[in-house]
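These notes concern the structure reproduced below.
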Amino acid sequence: ETGVTQSPTHLIKTRGQQVTLRCSSQSGHNTVSWYQQALGQGPQFIFQYYREEENGRGNFPPRFSGLQFPNYSSELNVNALELDDSALYLCASSLRPRLARADTQYFGPGTRLTVL
Amino acid sequence: DAKTTQPNSMESNEEEPVHLPCNHSTISGTDYIHWYRQLPSQGPEYVIHGLTSNVNNRMASLAIAEDRKSSTLILHRATLRDAAVYYCILRDGVDAGGTSYGKLTFGQGTILTVHP
């Protein structure tokens with residue numbers, strides 16, 4: 001069973017640029033969630049994708065967008081990068097049960113984004 | 001999401017039991033209690049979850065108070081590998097367009113230090 005993988009591991013961008021981060025779900029999982037984790041803080045929910053559609057979003061501006069593909073892999077896109085976007089970006093996959101309250105999410109190792 | 005309160009940090013000695021407390025006085029009847037942990041330089045890892053009854057798995061035990069306003073994660077014999085940030089999370093799954101999704105709302109967590 002392959003776990004959640006993310007690429008790249010590290011990335012350095014400058015303010016105003018755009019970035020795309022990638023995530024491959026754990027085998028058999030159909031739901032992907034993205035989180036942002038600033039240094040010393042807990043992860044913050046960005047959004048979740050299910051059946052290739054955004055299904056739930058946290059308090060993040062529209063310049064954070066995503067995609068989910070038919071094979072359930074996913075991308076996170078961030079436009080017009082700001083210094084505060086520097087963080088660890090985590091992807092988590094899950095198999096959506098009838099009760100979302102009971103599901104467990106499996107996290108990848110994250111992508112460390114630095115914005116200069 | 002209902003809020004949880006955890007101590008900022010705890011310490012333990014290797015091979016001793018560890019009891020990590022979590023208060024959630026505003027928990028609703030349908031909220032599941034989840035625990036995740038995050039080892040240094042890794043994504044969060046699912047530990048255990050429960051609704052009303054105490055739960056055991058190979059990693060830990062979850063003891064839930066009768067009134068459900070608090071819970072305790074129990075590591076029966078701490079190892080150095082258990083040094084991590086432990087997050088207590090209430091999952092409430094929100095219905096959106098007929099489907100439900102569940103985001104994880106992370107707090108600050110408890111930093112567990114294990115001494116050899």
Side-chain angles (χ1 to χ4, degrees), chain A residues 3-6 9-10 21 23-26 29-60 68 87-112, chain B residues 1-6 8-9 22 27-53 55 57 59-60 62 68 84-111:
Chain A
V4 178
T5 60
Q6 294 186 242
T9 307
H10 296 87
L21 309 181
C23 171
S24 291
S25 302
Q26 184 164 310
H29 286 183
N30 57 16
T31 303
V32 174
S33 303
W34 285 91
Y35 293 82
Q36 179 196 66
Q37 186 173 25
L39 208 58
Q41 304 294 317
Q44 300 297 307
F45 176 75
I46 302 175
F47 44 53
Q48 185 178 83
Y49 277 81
Y50 173 62
R51 291 183 176 175
E52 302 176 49
E53 291 191 2
E54 185 181 296
N55 185 42
R57 189 179 183 93
N59 189 26
F60 282 82
Q68 186 182 31
L88 180 68
Y89 287 86
L90 295 158
C91 165
S93 74
S94 58
L95 180 59
R96 191 190 204 85
R98 209 166 69 81
L99 269 181
R101 294 188 286 273
D103 85 332
T104 59
Q105 296 189 8
Y106 296 84
F107 285 80
T111 294
R112 173 70 63 187
Chain B
D1 291 328
K3 290 189 67 174
T4 62
T5 304
Q6 300 177 251
N8 289 334
S9 62
C22 180
I27 190 170
S28 77
T30 55
D31 286 341
Y32 278 73
I33 302 160
H34 287 245
W35 283 81
Y36 282 74
R37 72 180 185 182
Q38 188 170 19
L39 279 63
S41 302
Q42 294 189 26
E45 173 187 35
Y46 166 78
V47 178
I48 200 167
H49 77 275
L51 182 61
T52 55
S53 306
V55 184
N57 66 20
M59 288 182 69
L62 176 59
R68 300 209 330 123
V85 180
Y86 286 79
Y87 297 99
C88 171
I89 298 168
L90 300 183
R91 297 291 305 277
D92 61 358
V94 176
D95 285 329
T99 59
S100 62
Y101 80 97
K103 66 179 182 181
L104 292 172
T105 301
F106 290 84
Q108 291 291 99
T110 296
I111 300 171

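The figures here come from the full heavy-atom set of this structure, side chains too, leaving out hydrogens, waters and symmetry mates. A, B, ... follow the sequence lines: proteins, then strands. Residue 1 opens every chain.
The number of heavy-atom neighbours closer than 6.0 Å to CD1 of B/I111, taken from other residues, nucleotides and ligands shown, is 12 or below.
The residue among B/G107, B/S41, B/G43 with the most heavy atom pairs within less than 4.5 Å of chain A is B/G43. Among A/G58, A/G42, A/P109, A/G108, the residue making the largest number of heavy-atom pairs under 4.5 Å with chain B is A/G42.
A donor-acceptor pair is defined here as one N or O able to donate and one able to accept, closer than 3.5 Å; such a pair exists between the side chain of A/Y35 and the backbone of B/L104.
Under the side chain to side chain donor-acceptor pair (under 3.5 Å) criterion, B/Y86 pairs with B/R37, sequence neighbours left out.
B/R91 is listed as a side-chain neighbour of A/Q105, based on a closest heavy-atom distance under 4.5 Å. A/P43 is listed as a side-chain neighbour of B/Y87, based on a closest heavy-atom distance under 4.5 Å.
Annotation: salt bridge (charged side-chain N to carboxylate O under 4.0 Å, His left out) contacts involving residues 30-52 of chain A, sequence neighbours excluded, are absent.
The contact between A/Q44 and chain B is made entirely by side chain atoms (from C-beta outward), counting heavy-atom distances below 4.5 Å.
Between A/F107 and B/Y36, the ring planes are perpendicular. Angles over 60° get that label, and only those under 30° would be called parallel.
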